[in-house]
Each structure stands twice: as C-alpha cells, then as structure tokens.
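What follows is a set of notes on a single structure, which appears directly below.
The first residue of the sequence shown is numbered 1, and numbering continues consecutively from there. Computed over heavy atoms, backbone and side chain alike; hydrogens, waters and symmetry mates excluded.
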Amino acid sequence: MTHQRDIGAGPPDEYVEAEIQRLLAEDPAVAEQGITVVRRERAIVLCGEVESPHRREEILRRVSERFPDVSITSDIGVIRVEAPTEIEQLP
C-alpha cells in the first residue's frame, strides 16, 4: 500500500496567501515586495523576478519551511544584471 503526502485539508485559502505575502515582505532574510502570491487550485504560485538563482532558491526554501503543508510552485524568473559597458559621465 502506498501513501501520498496530504498537502493539507484542502486548497490554500486567502489567509495562507496573505501570510505568505507578509513573509515575503517582512522577513528580513527575504524582504521581497516584487513577488506576488497566487492561489491556483491546490497550490500557491510565487510569481516575479529576482536578481539570482540563489535568491530564488532562498525565497522558496523560506516559504516551504514556514508552510510545509502547502504545495508551492515557482514562477520566479531571474533578471540578468550585467555591469555597464560604458562609464556614465554626469554634466
């Protein structure tokens, strides 16, 4: 007999969505206000962009640790930040 992990009593509600959004904005280790939280059926999807793959993984780790019974999906992209190729001269 196989067992599946239950991801909670039902789909995440608006309270879970709000708590995750609060964690993203207020946790000093995360402090991301550009990430949006979207409920989709039985999962939460995190959407937005961050500056590195490491940053994305840290955000997902923090949210998963805080909400272990909620299925979290990432739609977080990485912004490619490159050093300027020319020196900016101010007048």
Side-chain angles (χ1 to χ4, degrees):
M1 178 180 219
T2 60
H3 294 279
Q4 280 187 299
R5 182 173 173 236
D6 186 12
I7 58 170
D13 61 23
E14 63 273 7
Y15 297 109
V16 171
E17 185 179 355
E19 284 294 315
I20 292 173
Q21 194 71 60
R22 188 173 300 115
L23 170 73
L24 292 171
E26 296 177 1
D27 184 331
V30 179
E32 281 288 344
Q33 295 192 18
I35 303 295
T36 57
V37 179
V38 180
R39 279 183 294 139
R40 292 205 182 126
E41 296 179 16
R42 299 183 71 75
I44 292 285
V45 181
L46 304 180
C47 306
E49 293 184 330
V50 294
E51 67 274 6
S52 71
H54 173 73
R55 183 80 173 135
R56 176 177 53 205
E57 292 307 313
E58 179 66 15
I59 290 167
L60 292 173
R61 184 181 69 76
R62 292 264 181 182
V63 173
S64 294
E65 282 178 357
R66 175 70 176 81
F67 301 92
D69 294 333
V70 177
S71 179
I72 306 292
T73 302
S74 171
D75 191 18
I76 300 174
V78 177
I79 300 170
R80 297 288 177 202
V81 179
E82 297 180 17
T85 56
E86 298 177 5
I87 297 172
E88 180 180 4
Q89 295 186 0
L90 301 175

Output the distance between atom [atom1] ([X]) and atom [atom2] ([Y]), rounded to the nearest 0.5 Å.
X	Y	atom1	atom2	result
L46	E32	CG	CD	11.0 Å
S74	I35	OG	CD1	8.0 Å
I59	I20	CD1	CD1	12.5 Å
Q21	L23	CD	CG	9.5 Å
R62	I72	CZ	CD1	15.0 Å

**Asked** Does CD in E57 sit with more than 12 non-hydrogen atoms of other residues, nucleotides or ligands closer than 6.0 Å?
**Response**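 Atom CD in E57 is crowded, with more than 12 foreign heavy atoms closer than 6.0 Å.
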**Asked** Do V50 and V45 share a hydrophobic cluster, counting only Ile, Leu, Val, Met, Phe, Trp and Tyr and linking them when any side-chain heavy atoms are less than 4.5 Å apart?
**Response**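 In one cluster: no.
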**Asked** Run the side-chain contact (heavy atoms from CB on, under 4.5 Å) check on E49 and I76 step by step: do they pass?
**Response** CA-CA 5 Å; E49 293 184 330; I76 300 174; 5.8 Å; no
**Message:** Suppose we screen for salt bridge (Lys or Arg N to Asp or Glu O under 4.0 Å). Which residues come up paired with E65, at least two apart in sequence or across chains?
**Reply:**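 So E65 forms a salt bridge (Lys or Arg N to Asp or Glu O under 4.0 Å) with R61.
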**Q33 side chain near L24 side chain, heavy-atom distance below 4.5 Å** =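 Of all side-chain heavy-atom pairs linking L24 with Q33, none is under 4.5 Å.
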**Prompt:** Minimum heavy-atom separation for T73 to A43, with atom names?
**Reply:**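 Residues T73 and A43, closest heavy atoms: OG1-CB, 4.2 Å.
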**Message:** Between the side chains of R22 and E19, is the shortest nitrogen-to-carboxylate-oxygen separation below 4.0 Å, so that they form an ion pair?
**Reply:**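 Answer for the salt bridge query: yes.
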